[in-house]
Amino acid sequence: MFGKRLKELRERNKFSMDKVIELYNERFNGKMNKSTLSRYENGLQEPIYTVVVNLAELFNVSVDYLSGNDNIDIFKFDNISPIKTKKFRMLGKIACGEPIYANEEYETFIEASANINADFCLTAKGDSMINARIFDGDVVFIKSQPDVENGEIAAVIIGEEVTLKRVYKYTNRIELRPENPLYDVQNYENEKLEEIRILGKAVAFQSYVK
């Protein structure tokens, strides 16, 4: 399905294979060639996940759509359509267990796709979520809600700190799991549950070339 979607997107945008290769290598400092792209389109080779992410960005669609897991792409094209953006509040410090949202006066907003259904964003710190492809310095977009489903990544206040972790809920216990085996799972139960509060669900992230 990936190969079929890739070819459809290329033809919809009236790109030759050479043009896709040129744009891809220029934007992502890649080394893609025509033979590799042809194998992708014909289902003879599966790309690594990073390549899928880059190609989705190149064609301005979701990874799910390009992978064949979603029947609706984010943007429709005649040739190339402009991307609509909006500003998201950046989460600042935590004081007495309450989040402080950055103020527009101090240029503390992030501009990103208007398609992102989020209420605020924060900057990821450290490498505890790298297996979820969230790296130090990435901007993570959060949908405000006081609870999440088991296994979802959430922004959680612990005292005066905010952490991103997968949340698992049990009777009288919440487990916060990192996405890096070098980090321990954090357990909170009984009275310690009062120390934590879910701010919202992580719905998207934005990485920068370093």
Side-chain angles (χ1 to χ4, degrees), residues 5-6 9 12-13 15 20 23-30 49-67 69-94 98-149 151-157 161-167 179 198-210:
R5 283 276 167 85
L6 178 59
L9 286 167
R12 182 191 304 176
N13 287 279
F15 287 165
V20 171
L23 292 172
Y24 183 95
N25 290 341
E26 180 180 306
R27 182 177 298 187
F28 305 108
N29 194 27
Y49 186 73
T50 301
V51 172
V52 178
V53 172
N54 290 345
L55 284 168
E57 180 178 334
L58 183 68
F59 287 106
N60 204 20
V61 297
S62 67
V63 171
D64 278 343
Y65 177 79
L66 182 56
S67 301
N69 298 326
D70 188 349
N71 291 323
I72 303 175
D73 51 353
I74 294 177
F75 300 100
K76 298 296 183 182
F77 298 82
D78 289 321
N79 186 356
I80 295 291
S81 299
I83 300 174
K84 293 181 180 180
T85 63
K86 68 178 181 181
K87 291 182 177 181
F88 296 87
R89 297 178 299 169
M90 175 64 75
L91 182 69
K93 296 179 180 179
I94 298 297
E98 292 299 323
I100 299 174
Y101 295 102
N103 193 309
E104 190 170 15
E105 178 182 352
Y106 300 102
E107 299 180 350
T108 46
F109 280 60
I110 294 293
E111 190 164 359
S113 170
N115 185 73
I116 298 173
N117 183 23
D119 298 297
F120 66 93
C121 57
L122 54 82
T123 301
K125 301 294 183 183
D127 60 356
S128 67
M129 297 298 288
I130 58 174
N131 287 344
R133 295 196 68 259
I134 299 174
F135 295 90
D136 185 59
D138 286 353
V139 175
V140 183
F141 297 88
I142 307 295
K143 177 66 176 175
S144 292
Q145 55 188 68
D147 198 7
V148 294
E149 298 294 325
E152 291 183 330
I153 297 174
V156 182
I157 291 182
E161 299 281 332
V162 173
T163 186
L164 280 170
K165 294 291 183 293
R166 289 199 186 276
V167 176
E179 282 282 356
I198 294 172
L199 282 179
K201 174 183 173 181
V203 296
F205 67 90
Q206 180 171 286
S207 296
Y208 297 94
V209 176
K210 298 179 177 65

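Along the sequence shown, the residues carry numbers beginning at 1. These figures come from a predicted structure and were not determined experimentally.
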**Request:** Could you check Ile110 against Gln206 for side-chain contact (heavy atoms from CB on, under 4.5 Å), going step by step and ending with a plain yes or no?
**Result:** CA-CA 10 Å; Ile110 294 293; Gln206 180 171 286; 4.2 Å; yes
**Prompt:** Once you round to the nearest 0.5 Å, how far does OH of Tyr49 lie from CZ of Arg133?
**Reply:** 5.5 Å
**Message:** Test your reading of the model: is there a side-chain donor-acceptor pair from Asp119 to the backbone of Ser144, 3.5 Å cut-off?
**Reply:** yes
**Asked** Any idea which heavy atoms bring Ala132 and Phe205 closest together, and the distance?
**Response** O-CE2, 4.4 Å
**Prompt:** Taking the side chain as C-beta and beyond, is there a heavy-atom pair between Val53 and Val63 under 4.5 Å?
**Reply:** yes
**Request:** Could you tell me which non-hydrogen atom of Leu122 sits nearest to which non-hydrogen atom of Ala155, and how far apart they are?
**Result:** CD2-CB, 3.9 Å
**Message:** Tell me which one of Lys143, Lys201, Lys165, Arg166 satisfies salt bridge (Lys or Arg N to Asp or Glu O under 4.0 Å) with Glu152.
**Reply:** Lys201
**Message:** I'd like to know whether Val51 forms a side-chain contact (heavy atoms from CB on, under 4.5 Å) with Tyr24, so could you lay out the CA-CA distance, the side-chain angles of the two residues, the decisive distance to 0.1 Å, and finally the verdict.
**Reply:** CA-CA 9 Å; Val51 172; Tyr24 183 95; 3.6 Å; yes
**Complete:** Scanning both residues in full, the closest heavy-atom pair of Phe141 with Ala118 reads CB-CB, 3.7 Å
**Prompt:** Do the side chains of Glu179 and Ile134 get nearer than 4.5 Å, heavy atoms only?
**Reply:** no
**Request:** Tell me, with the steps shown, if Ile198 and Asp147 meet side-chain contact (heavy atoms from CB on, under 4.5 Å).
**Result:** CA-CA 6 Å; Ile198 294 172; Asp147 198 7; 3.9 Å; yes
**Message:** Checking side chain to side chain contact (heavy atoms under 4.5 Å, CB included) between Val148 and each of Ile153, Val167, Leu199, which is the one that passes?
**Reply:** Val167
**Item:** Shortest non-hydrogen contact between Asp127 and Ile130, atoms and distance
**Value:** O-CG2, 3.3 Å
**Prompt:** Could you go step by step and tell me if Thr123 and Met90 meet the side-chain contact (heavy atoms from CB on, under 4.5 Å) rule?
**Reply:** CA-CA 8 Å; Thr123 301; Met90 175 64 75; 3.6 Å; yes
**Request:** Answer yes or no: is there a side-chain heavy-atom contact under 4.5 Å between Val20 and Leu6?
**Result:** no
**Given Asn13, Leu66, Leu23, the one that forms side chain to side chain contact (heavy atoms under 4.5 Å, CB included) with Leu58** = Leu23
**Request:** Using the six-membered ring wherever Trp is involved, compare the ring planes of Phe15 and Phe59 and label them parallel, tilted or perpendicular (cut-offs 30° and 60°).
**Result:** tilted
**Complete:** To the nearest 0.5 Å, atom CD1 of Ile142 lies from atom CG of Asn117 at 12.0 Å
